[in-house]
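The chains referred to below are lettered A, B, ... by the order of the sequence lines, with proteins before strands, and numbering in each begins at 1.
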Amino acid sequence: AQKITQTQPGMFVQEKEAVTLDCTYDTSDQSYGLFWYKQPSSGEMIFLIYQGSYDEQNATEGRYSLNFQKARKSANLVISASQLGDSAMYFCAMRAEGGTSYGKLTFGQGTILTVHP
Amino acid sequence: EAGVAQSPRYKIIEKRQSVAFWCNPISGHATLYWYQQILGQGPKLLIQFQNNGVVDDSQLPKDRFSAERLKGVDSTLKIQPAKLEDSAVYLCASSLAPFGVQFFGPGTRLTVL
C-alpha cells in the first residue's frame with residue numbers, strides 16, 4: 001500500500017520569498033512517480049511537477065522544483081519567488097509504475113499556502 | 001487544446017435521490033479517471049477506464065455508484081440512491097496512457113441534503 005503524508009496543514013509566505021512544502025511517502029514499490037498538484041479555490045487540480053523514482057536529478061519546472069531525497073522518502077516542493085497567485089491548496093501524490101499498477105494516484109491531505117503582499 | 005470538461009459544476013439533491021455527472025476528456029486521451037474529494041481531504045480514485053474498459057474500480061461503492069465510458073470517449077458517473085456522506089467534489093481526469101500525466105477537470109460539487 002502507498003501512503004503520502006503532508007504534515008503542514010497551512011503555510012504562510014511573503015511575496016517574492018521562497019517556500020518549501022513538505023511531503024513524505026511510504027511504498028514498497030521499486031518504481032514509482034511523485035507529483036505535485038495545485039488546487040485554487042476554483043477547484044481544478046493543476047499539474048505542477050513530476051519526479052520518477054529512478055531520476056537522479058531533481059525535477060524543475062519554472063519556479064517549481066522538487067527536492068527528492070529517496071533515502072528519506074521525501075519529495076518536498078520548493079516554490080521560488082512566491083506570487084499572490086500561488087495562494088492555493090497543494091497536494092503531493094504518488095503512483096506505482098510497474099507490476100500490476102494501472103497508474104492510480106494516491107494523494108496526501110494537502111497544504112494550504114497563503115502568500116502575503 | 002481544450003481541457004477536461006465536466007458538468008454540471010454544482011448539484012444539490014436530497015438523500016435517496018439519483019444524480020449523474022458527465023465528463024469529456026482531453027481529445028485523444030485513452031485513460032479516464034473519476035476521483036471523489038471530500039472536503040479537507042485529497043482526492044480518492046473511484047474508477048479508472050482504459051478506453052471503454054474498466055481497469056480499476058476497487059474503491060467504487062458498487063451498491064450505489066456506477067460508471068460507464070461508451071465508445072471510449074465521454075463518461076458518466078451515477079449515484080443511486082445518494083447518501084449524506086456522498087457530499088463531495090467529483091473530479092474527472094484523463095491521461096494519454098495509464099502512466100501519463102493526469103489532467104483534471106473543474107469538478108462537480110455535490111451536496112446531499
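Both B:V19 and B:L46 are part of a single hydrophobic cluster, where members link through side-chain heavy atoms under 4.5 Å apart.
With a 4.5 Å cut-off on side-chain heavy atoms, A:I46 and B:F103 do not count as touching. Inter-residue side-chain proximity for A:F107 and B:Q37 is flagged as unmet; no heavy-atom pair is nearer than 4.5 Å. Between A:F91 and B:Q41, every side-chain heavy-atom pair lies at or beyond the 4.5 Å cut-off.
Other residues, nucleotides and ligands contribute only 12 or fewer heavy atoms inside 6.0 Å of the CD atom of B:Q80. Other residues, nucleotides and ligands place no more than 12 heavy atoms under 6.0 Å from the CD atom of B:E14. No more than 12 heavy atoms of other residues, nucleotides or ligands shown are found within 6.0 angstrom of NZ on B:K11. For A:K70, the NZ atom counts as densely surrounded, since its 6.0 Å shell holds more than 12 non-hydrogen atoms of other residues, nucleotides or ligands. Heavy-atom contacts from other residues, nucleotides or ligands closer than 6.0 Å to CD of B:E85 number more than 12.
Ranked by non-hydrogen atom pairs under 4.5 Å with chain A, the options B:A97, B:G42, B:P43, B:P106 are led by B:P43. Options B:V4, B:L45, B:T31 differ in how many heavy-atom pairs under 4.5 Å they form with chain A, and the most are formed by B:L45.
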Inset, instruction - Decide yes or no on side chain to side chain contact (heavy atoms under 4.5 Å, CB included) for A:R95 and B:F99, but give the supporting numbers first. - result: CA-CA 9 Å; A:R95 71 180 177 204; B:F99 295 108; 3.9 Å; yes
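For B:R9, the part lying under 4.5 angstrom from a heavy atom of chain A is the side chain only. Neither the backbone nor the side chain of A:Q6 comes within less than 4.5 Å of any heavy atom in chain B. Interface remark: B:V55 contributes backbone and side-chain atoms alike to the contact with chain A (heavy atom separation under 4.5 Å).
Under the 6.0 Å cut-off for aromatic ring centres, A:F47 and B:F104 do not qualify, their centroids lying 6.0 Å or more apart.
Of all heavy-atom pairs spanning A:K104 and B:Q48, the tightest one is N-OE1, 4.0 Å.
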